[in-house]
Asks: 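I'd like to ask you about the structure that follows.
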Protein chains: 2
Amino acid sequence: MATDDTPTRVLAAAGPVFADKGFQAATVREICQAAGVNLASVNYHFRDKERLYIETVKRAAHLREAQVPMPELPPGAPPEVKLRLFIQTTLTRMMGDRGAPWQVRLMTREVLHPSSACEELVRDYFRPHFDRLQAILNELLPPDAPLHLRHQIGFSIIGQCMHYRVAWHVMTLIVGADEVAAHYSTDALAEHITQFSLAALAQYRKPGSLTAAPSESLPPL
Amino acid sequence: MATDDTPTRVLAAAGPVFADKGFQAATVREICQAAGVNLASVNYHFRDKERLYIETVKRAAHLREAQVPMPELPPGAPPEVKLRLFIQTTLTRMMGDRGAPWQVRLMTREVLHPSSACEELVRDYFRPHFDRLQAILNELLPPDAPLHLRHQIGFSIIGQCMHYRVAWHVMTLIVGADEVAAHYSTDALAEHITQFSLAALAQYRKPGSLTAAPSESLPPL
DNA sequence: CGAGGGGTTAAACAGGTGTTTAAAACAATT
DNA sequence: AATTGTTTTAAACACCTGTTTAACCCCTCG
């Protein structure tokens with residue numbers, strides 16, 4: 001493994017460093033030392049620190065997708081099962097087995113503080129993922145559900161998953177380490193989010209629920 | 001306004017800079033220049049750059065709570081109305097009127113990459129907020145709902161709100177600026193999240209829904 | 001054999017970082 | 001009015017940053 005290409009070794013070492021400290025705080029010296037290569041290697045093989053960062057981000061997305069691939073959804077399976085599988089995969093990708101891996105931490109930084117690598121990330125990674133979810137929701141929603149509602153329902157599901165990625169530390173401080181250890185496994189959380197979302201989805205199948213103005217369903221204080 | 005205390009001016013200038021660039025990338029020189037004070041002021045009045053950062057974070061939370069206070073919930077109001085008001089306030093705090101204000105951007109950084117200021121932030125800001133939500137959920141859930149389920153339902157609601165704070169840019173790239181302009185106002189999003197969550201909550205009132213094992217409600221593929 | 005070139009290396013470079021210092025300016029008290 | 005204590009100031013300090021440079025190594029090809 002130590003006999004790899006120099007660019008490959010730099011790329012491999014850059015991942016965790018950029019994920020932990022961000023683009024600015026990460027230093028070229030630290031990356032090169034971790035890779036066991038000379039300081040000038042970054043500029044020779046990647047021209048810039050920024051170019052190295054962009055390459056690292058792209059590689060992170062590609063790598064994580066290969067690590068946790070979306071399982072084949074049997075075409076005949078009920079959409080409820082498909083949704084659960086989707087949520088399980090999404091959550092597993094975000095959380096990993098022992099904390100979020102550097103690939104995910106790096107992508108999270110990119111989501112919150114987009115750089116020039118973000119658009120490509122959305123095109124090759126986030127949008128296809130979201131489209132899969134939309135396809136499942138299409139089977140669970142009536143045909144006349146407006147597009148923006150389908151999207152917002154998708155974000156409601158993604159948002160529930162993402163929260164455990166983003167706020168894990170704060171969440172642990174709030175509910176305590178014991179409850180987390182007992183009830184916050186990836187499987188348990190996926191089960192909860194699936195059940196919560198499926199129950200929410202059921203309402204849109206009721207006739208007339210889509211035509212009623214929002215203010216009718218609930219009095220304005 | 002320009003006649004303020006030097007520490008006050010520094011604190012006011014530090015907020016946006018730290019929010020935009022993060023602790024590391026923000027420079028003391030930039031903060032002092034924005035405040036119109038001498039470079040040594042930070043070290044004289046706050047001892048450290050880090051101390052200044054911590055003070056700035058605390059002030060951000062306190063400030064934002066004052067900017068968007070939680071409206072008085074009439075004790076007799078139905079819990080559905082209380083929940084909608086809670087979601088509206090939460091979303092308004094996170095989004096602001098023209099993009100997330102620096103106070104929120106700074107707190108988001110603290111959530112994702114906690115520093116020594118995080119524990120205090122949770123104790124004085126996030127936990128009381130979450131407790132308010134729990135109190136509302138207690139009125140909407142049967143008395144025998146286990147504690148961890150109440151918490152996870154709370155996170156499902158918070159997570160939906162937080163998603164629009166964290167992933168706003170990516171989300172815009174996915175659904176397009178037109179749809180965002182037409183259907184993603186704070187009020188519209190609050191309405192959707194409320195409706196989605198209330199429908200999800202209804203299932204837990206059905207008798208026996210809490211005793212059924214998760215695997216019973218959905219076949220394992 | 002030996003000339004050439006891609007890859008590696010240590011050293012240096014120019015600029016920026018947080019922090020410290022000693023002198024100056026100011027305010028308030030005696 | 002003199003003196004104390006506090007605040008402000010410009011300059012310097014020591015260190016770290018990304019990047020460049022020129023010498024060097026090693027392998028291939030004529």
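So you know, we letter chains A, B, ... as the sequences are listed, proteins then strands, and number each from 1.
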Asks: It should be established whether A:Tyr44 places a side-chain nitrogen or oxygen under 4.0 Å from OP1 or OP2 of nucleotide C:dT8.
Replies: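 It does not, given that no N or O in the side chain of A:Tyr44 lies less than 4.0 Å from OP1 or OP2 of C:dT8.
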
Asks: Take the angle between the ring planes of B:Phe155 and B:His151 and call it parallel below 30°, perpendicular above 60°, tilted in between.
Replies: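 If you compare the ring of B:Phe155 with that of B:His151, the planes turn out tilted.
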
Asks: Whole angstrom is fine here: how far is it from NZ in A:Lys49 over to C1' in D:dC16?
Replies: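 The distance from NZ of A:Lys49 to C1' of D:dC16 comes to 12 Å, rounded to the nearest Å.
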
Asks: Report yes if at least one side-chain N or O of A:His45 is closer than 4.0 Å to OP1 or OP2 of C:dT8; otherwise report no.
Replies: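 Result: yes.
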
Asks: Rounded off to whole Å, could you give me the CG-to-P distance for the B:Asp4 and D:dT8 pair?
Replies: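 Nearest whole value for this atom pair: 12 Å.
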
Asks: Measuring from the side chain of A:Thr6 (C-beta onward, heavy atoms only), which nucleotide among D:dG18, C:dT8, C:dG18 has the closest atom?
Replies: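 Given the options D:dG18, C:dT8, C:dG18, the side chain of A:Thr6 is closest to C:dT8.
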
Asks: Under 4.0 Å from any atom of DNA chain D, heavy atoms only: list the residues of residues 15-23 of chain A that qualify, in numerical order.
Replies: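 Contacting residues: none.
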
Asks: Whole angstrom is fine here: how far is it from CG in A:Asp5 over to P in C:dG7?
Replies: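 Taking CG of A:Asp5 and P of C:dG7, I get 9 Å after rounding.
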
Asks: Taking the inter-plane angle between the rings of B:Phe23 and B:Phe18 on a 0 to 90° scale, is it parallel (under 30°), tilted (30 to 60°) or perpendicular (over 60°)?
Replies: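 Geometry flag for B:Phe18 against B:Phe23: parallel rings.
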
Asks: Do other residues, nucleotides or ligands put more than 12 heavy atoms under 6.0 Å from the CD atom of B:Glu139?
Replies: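 Result for CD/B:Glu139: enclosed.
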
Asks: Is it the case that atom CG in A:Asp97 sees more than 12 heavy atoms from other parts of the structure closer than 6.0 Å?
Replies: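 No.
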
Asks: C:dG18 base to B:Arg29 side chain: any donor-acceptor pair below 3.5 Å?
Replies: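 Pair found.
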
Asks: By the 4.0 Å heavy-atom rule, please label A:Ala26 as base, sugar-phosphate, or nothing.
Replies: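 Sugar-phosphate contact only - A:Ala26 comes under 4.0 Å of backbone atoms but never of a base.
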
Asks: When you compare the side chains of B:Tyr204 and A:Gln195, does any donor N or O come within less than 3.5 Å of an acceptor on the partner?
Replies: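 Per modelled atom types, B:Tyr204 and A:Gln195 side chains form no pair under 3.5 Å.
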
Asks: Rounded to the Å, how far apart are A:Gln33 CD and D:dG18 P?
Replies: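 Answer to the nearest Å: 13 Å.
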
Asks: Nearest to the side chain of B:Asn43, heavy atoms from C-beta on, is which of D:dT20, C:dT8, C:dT19?
Replies: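 The nucleotide sitting nearest to the side chain is C:dT19.
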
Asks: What's A:Ser41 touching, base or sugar-phosphate or nothing? Going by heavy atoms closer than 4.0 Å.
Replies: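 A:Ser41: no heavy atom of the nucleic acid under 4.0 Å.
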
Asks: Select one nucleotide: of D:dT9, C:dT19, D:dT19, the one nearest the side-chain heavy atoms of B:Leu39.
Replies: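 Taking heavy atoms from C-beta onward, the closest nucleotide is C:dT19.
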
Asks: Specify the separation, in whole Å, of atom CG of B:Asn38 and atom C1' of C:dT21.
Replies: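 Spelled out: CG on B:Asn38 to C1' on C:dT21 is 12 Å.
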
Asks: Counting only N and O atoms by type, is there a donor-acceptor contact under 3.5 Å from the side chain of A:Arg105 to the main-chain atoms of A:Ala100?
Replies: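 Indeed, once roles are kept as given, a pair shorter than 3.5 Å links the two residues.
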
Asks: Mind checking whether A:His129 and A:Tyr125 have parallel, tilted or perpendicular rings, split at 30° and 60°?
Replies: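 Rings of A:His129 and A:Tyr125: parallel, as their planes differ by under 30°.
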
